[in-house]
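Shown next, in structure tokens, is the structure this report addresses.
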Amino acid sequence: MAKSVSQRVGILTSGGDAPGLNAAIRGVARAAIDVYGMTVIGFEHGYRGMIENRSRVLQPSEFSGILVQGGTILGTSREKPFKDKNWCDENGDPCAVERIKETYRDLALDCLVVLGGNGTNTTGYLLSQAGLNVIGLPKTIDNDIVETDITFGFHTALAVATDAIDRLHSTASSHNRVMVIEVMGHKAGWLGLYAGVAGGGDVVLLPEIPYDIDNIAAHLENRVKSGKTFSIVVVAEGARSKAEAAMDKKTFKKARQQMSGSIGYRVAHEIEEATGLESRVTVLGYLQRGGTPVAYDRVLATQFGTAAAKMLAEGDYGKMVALRDNRILGVPLELVAHRIKPVPLDHRMLETARDVGTCLGD
Ligand code: F6P
């Protein structure tokens with residue numbers, strides 16, 4: 001058995017779930033236990049499980065069959081210990097972080113492995129600043145984590161969104177309609193862009209490129225003139241108009257609170273108003289996060305997991321496992337914390353979309 005710096009390791013999954021979480025847990029734990037002889041302790045429901053010390057020593061039998069399962073066997077939550085005011089000490093001061101540190105000490109952990117998105121890895125960084133050894137893994141269907149080329153979960157969501165767009169084609173064509181499909185992605189357009197290209201979306205709207213409804217209307221009307229009887233419009237949930245992009249944060253937030261329904265509905269309404277073309281909306285929602293991970297996510301999550309185990313064994317803490325230029329490596333959590341990765345405006349996929357005639361709304 002290989003020599004290991006870490007002996008006792010905690011693991012948790014936090015934030016919105018994503019396909020591949022179980023594959024990653026299995027990757028970390030199998031290598032940690034079988035290759036390096038560590039004890040792996042799983043926390044329930046993310047950081048909340050650490051605050052409440054709800055944990056169990058993970059047994060090898062728990063990893064059988066989970067590679068292909070969606071969700072997370074550990075459960076998750078959006079608990080943010082550094083912002084949480086629900087847990088207070090006898091003086092009324094927030095104590096969620098103190099409780100996490102206590103749990104870490106009580107269980108005699110050498111390191112905590114956190115599987116999650118921006119928020120999770122930011123908390124991981126803050127905990128490492130507070131004295132804990134932490135290793136992060138990049139999970140999210142949004143693919144919006146900096147310092148890694150890709151996150152696990154993204155390809156499964158992309159496959160689901162692409163399949164949905166494929167299915168919308170036939171019904172759009174039968175009814176001569178404009179079909180608007182809203183996909184997730186938070187404040188980044190990766191999912192919308194890639195699904196739009198994979199599914200042949202005629203219009204693709206992303207948060208990074210504020211849209212002008214007149215340009216969209218002109219594009220759809222030109223399609224009608226050229227004999228195209230239907231159109232597919234892919235809208236990332238974070239998409240915004242040029243007028244909204246010019247607003248300050250507060251005004252934008254207020255405008256969004258007053259909007260009835262999600263952005264897909266507004267875009268469909270604007271299209272009908274501007275063109276008179278009958279439009280329908282599909283909001284894909286949580287289907288994008290559920291179910292079995294595609295092969296790519298299983299492989300990536302497994303590679304990330306086993307790489308994390310190696311970092312644990314070497315005592316290479318304070319880092320997030322990442323994929324860069326086809327290499328798996330650790331990047332300092334400090335570089336990941338408090339940042340998100342939008343689609344750069346010079347990204348080759350934007351050029352690809354435009355080259356095949358996709359209107360990006362600008
Ligand atoms: O971050 C992943 C994500 O699925 C986003 O795409 C989406 O905006 C959000 O989570 C939805 O989160 P919740 O589970 O809190 O509804």
Side-chain angles (χ1 to χ4, degrees), residues 12-22 24 44-49 70-72 74-81 83-84 86 114-124 136-148 150-165 181-196 204-208 234-240 244 249 252-253 256-257 259 261-267 281-294 297 300-301 320 336-343:
L12 59 82
T13 56
S14 168
D17 69 342
L21 273 172
N22 283 328
E44 292 170 18
H45 299 285
Y47 290 109
R48 196 186 301 154
T72 155
L74 295 174
T76 185
S77 71
R78 290 206 182 270
E79 174 69 53
K80 290 191 174 72
K83 291 190 177 156
D84 192 340
N86 293 322
V114 301
L115 281 59
N118 296 301
T120 304
N121 282 289
T122 297
T123 301
L137 263 74
K139 158 248 66 168
T140 167
I141 65 163
D142 303 336
N143 193 35
D144 62 348
I145 302 183
V146 294
E147 299 291 331
T148 184
I150 191 110
T151 58
F152 64 86
F154 175 69
H155 269 279
T156 305
L158 173 60
V160 172
T162 304
D163 178 60
I165 297 171
I181 174 164
E182 182 184 307
V183 300
M184 281 185 167
H186 199 46
K187 291 182 181 162
W190 295 102
L191 195 50
L193 175 61
Y194 276 68
V204 174
L205 305 182
L206 313 172
E208 294 84 353
V234 181
V235 181
E237 65 179 348
R240 59 212 170 117
E244 285 175 320
K249 236 174 155 180
F252 175 66
K253 211 172 159 193
R256 275 301 161 96
Q257 278 161 358
M259 185 169 89
S262 56
I263 183 70
Y265 286 94
R266 191 184 79 196
V267 168
V281 185
T282 302
V283 179
L284 210 44
Y286 297 91
L287 289 173
Q288 294 159 102
R289 269 172 32 185
T292 187
V294 296
D297 280 334
L300 184 68
M320 183 189 79
V336 178
H338 304 295
R339 293 171 66 200
I340 69 158
K341 183 182 72 181
V343 178

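FYI, the numbering just counts along the sequence from 1. Read the numbers this way: they start at 1 and go in the same order the structure lists the ligands and their atoms. None of the values given here were measured: they were computed from a predicted structure.
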Geometric N/O contact M184 with ligand 1, under 3.5 angstrom
no

Within-4.5 Å side-chain heavy-atom neighbours: H155 and L300
no

Just need the protein heavy atom nearest to atom 7 (C) of ligand 1, so name the residue and atom and give the distance.
E237 OE2, 3.3 Å

Check whether any side-chain heavy atom of L158 lies under 4.5 Å from a side-chain heavy atom of W190, and answer yes or no.
no

May I ask whether G117 has any heavy atom positioned less than 4.0 angstrom from an atom of ligand 1?
no

Heavy-atom nearest neighbour in the protein, as seen from atom 16 (O) of ligand 1, with distance rounded to 0.1 Å
Y286 OH, 2.4 Å

Could you tell me whether the side chain of K187 reaches within less than 4.5 Å of the side chain of D144, counting heavy atoms only?
no

Check for a donor-acceptor pair, side chain of D142 on one end and backbone N or O of L191 on the other, with a separation under 3.5 Å.
no

Test item: P207 and V343 side chains (from C-beta on) under 4.5 Å apart, heavy atoms:
no

Considering only heavy atoms of H186, which atoms of ligand 1 have at least one such atom less than 4.0 Å away?
6 (O), 8 (O)

In the protein, what heavy atom is nearest to atom 4 (O) of ligand 1, and what distance, to one decimal place, separates them?
R289 NH1, 2.9 Å

Can you pull out the closest protein heavy atom to atom 13 (P) of ligand 1? Residue, atom name and distance to 0.1 Å, please.
R78 NH2, 3.4 Å

Straight-line distance of E44 CD to T72 OG1, nearest 0.5 Å:
10.5 Å

What protein heavy atom sits nearest atom 6 (O) of ligand 1, and how far away is it?
D142 OD1, 2.7 Å

